[in-house]
Amino acid sequence: MEDIIFKIFIFCMFIILGVLIFGLLKWIFQQIKLFNKHIDLKIKLLIIFPISALIIIPWLLIQTLILNGYTELIIAIMIGSVGSHYIFGNEEKN
């Protein structure tokens, strides 16, 4: 019984991790748009760092979880990301 409760707790924590990752990736995407709109070429070159973070963070997470056999945790992260998009998406429109 304690093992099942622990697994449910871990699943819920990964849903929260998905929410946090979605917020971080959304902030990085805003920075990419800001760098891209800037006139100065030196500032536009700084777009490399947010793009690399936008690609590397999900790739490392998915690769690590798949290699260790935790595919259900990938589903939990996706549920958290999609849920946070619908929950916090209305706040930005207002």
Side-chain angles (χ1 to χ4, degrees):
M1 184 66 180
E2 294 166 357
D3 188 44
I4 293 172
I5 294 172
F6 182 71
K7 287 182 181 180
I8 292 172
F9 174 74
I10 295 296
F11 188 79
C12 292
M13 288 298 110
F14 268 83
I15 290 176
I16 294 171
L17 178 67
V19 171
L20 295 174
I21 289 173
F22 180 75
L24 176 68
L25 293 179
K26 193 161 76 171
W27 178 79
I28 290 172
F29 189 69
Q30 289 174 351
Q31 298 302 317
I32 289 173
K33 289 195 298 188
L34 178 72
F35 288 145
N36 196 22
K37 289 180 182 178
H38 205 278
I39 298 169
D40 193 8
L41 181 63
K42 294 176 186 175
I43 301 295
K44 283 191 174 194
L45 287 177
L46 291 175
I47 202 170
I48 294 169
F49 299 113
I51 286 178
S52 64
L54 196 66
I55 294 170
I56 289 174
I57 291 172
W59 180 70
L60 284 176
L61 253 171
I62 290 173
Q63 180 186 10
T64 304
L65 291 175
I66 286 177
L67 289 177
N68 292 334
Y70 298 118
T71 54
E72 69 274 1
L73 297 180
I74 294 173
I75 295 170
I77 291 173
M78 290 190 310
I79 289 171
S81 296
V82 170
S84 67
H85 171 70
Y86 287 113
I87 291 172
F88 301 119
N90 293 333
E91 292 179 3
E92 291 180 2
K93 292 178 184 175
N94 294 334

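Side chains included, hydrogens not; waters and symmetry mates left out as well; all remaining heavy atoms used.
Looking at heavy atoms from C-beta onward, Ile75 lies in side-chain contact with Ile79 at the 4.5 angstrom threshold.
Atom-to-atom distance recorded for Trp59:CH2 and Thr64:OG1 is 8.5 Å, nearest 0.5 angstrom. We find the CE-CD1 distance between Met13 and Ile77 to be 13.0 Å, quoted to the nearest 0.5 Å. The line from CD1 of Ile57 to OG of Ser52 is 8.5 Å long, rounded to the nearest 0.5 Å. Distance check, rounded to the nearest 0.5 Å: CG of Leu65 to CD of Glu72 gives 9.0 Å.
Grouping the Ile, Leu, Val, Met, Phe, Trp and Tyr side chains by contacts below 4.5 angstrom, directly or via other members, places Leu73 with Phe6. The same ILVMFWY cluster, assembled from side-chain heavy atoms under 4.5 Å apart, contains both Leu61 and Ile66. A continuous path of Ile, Leu, Val, Met, Phe, Trp and Tyr side chains, each step under 4.5 Å between heavy atoms, connects Tyr70 with Ile21, placing both in one hydrophobic cluster. Ile10 and Ile62 fall within the same hydrophobic cluster, defined by Ile, Leu, Val, Met, Phe, Trp and Tyr side-chain heavy atoms under 4.5 Å apart, directly or through other members. Linking Ile, Leu, Val, Met, Phe, Trp and Tyr whenever their side-chain heavy atoms come within less than 4.5 Å leaves Leu67 and Met78 in two separate clusters.
Crowding of Phe29 atom CZ: a count of heavy atoms from other residues, nucleotides or ligands under 6.0 Å not exceeding 12. Atom CD1 of Ile4 sits in a sparse spot, with 12 or fewer heavy atoms from other residues, nucleotides or ligands closer than 6.0 Å.
Pairing each heavy atom of Ala53 with each of Ile28, the nearest pair is CB-CD1, 3.8 Å. In terms of heavy-atom proximity, Val19 sits nearest to Gly80 at CG2-O, 3.3 Å.
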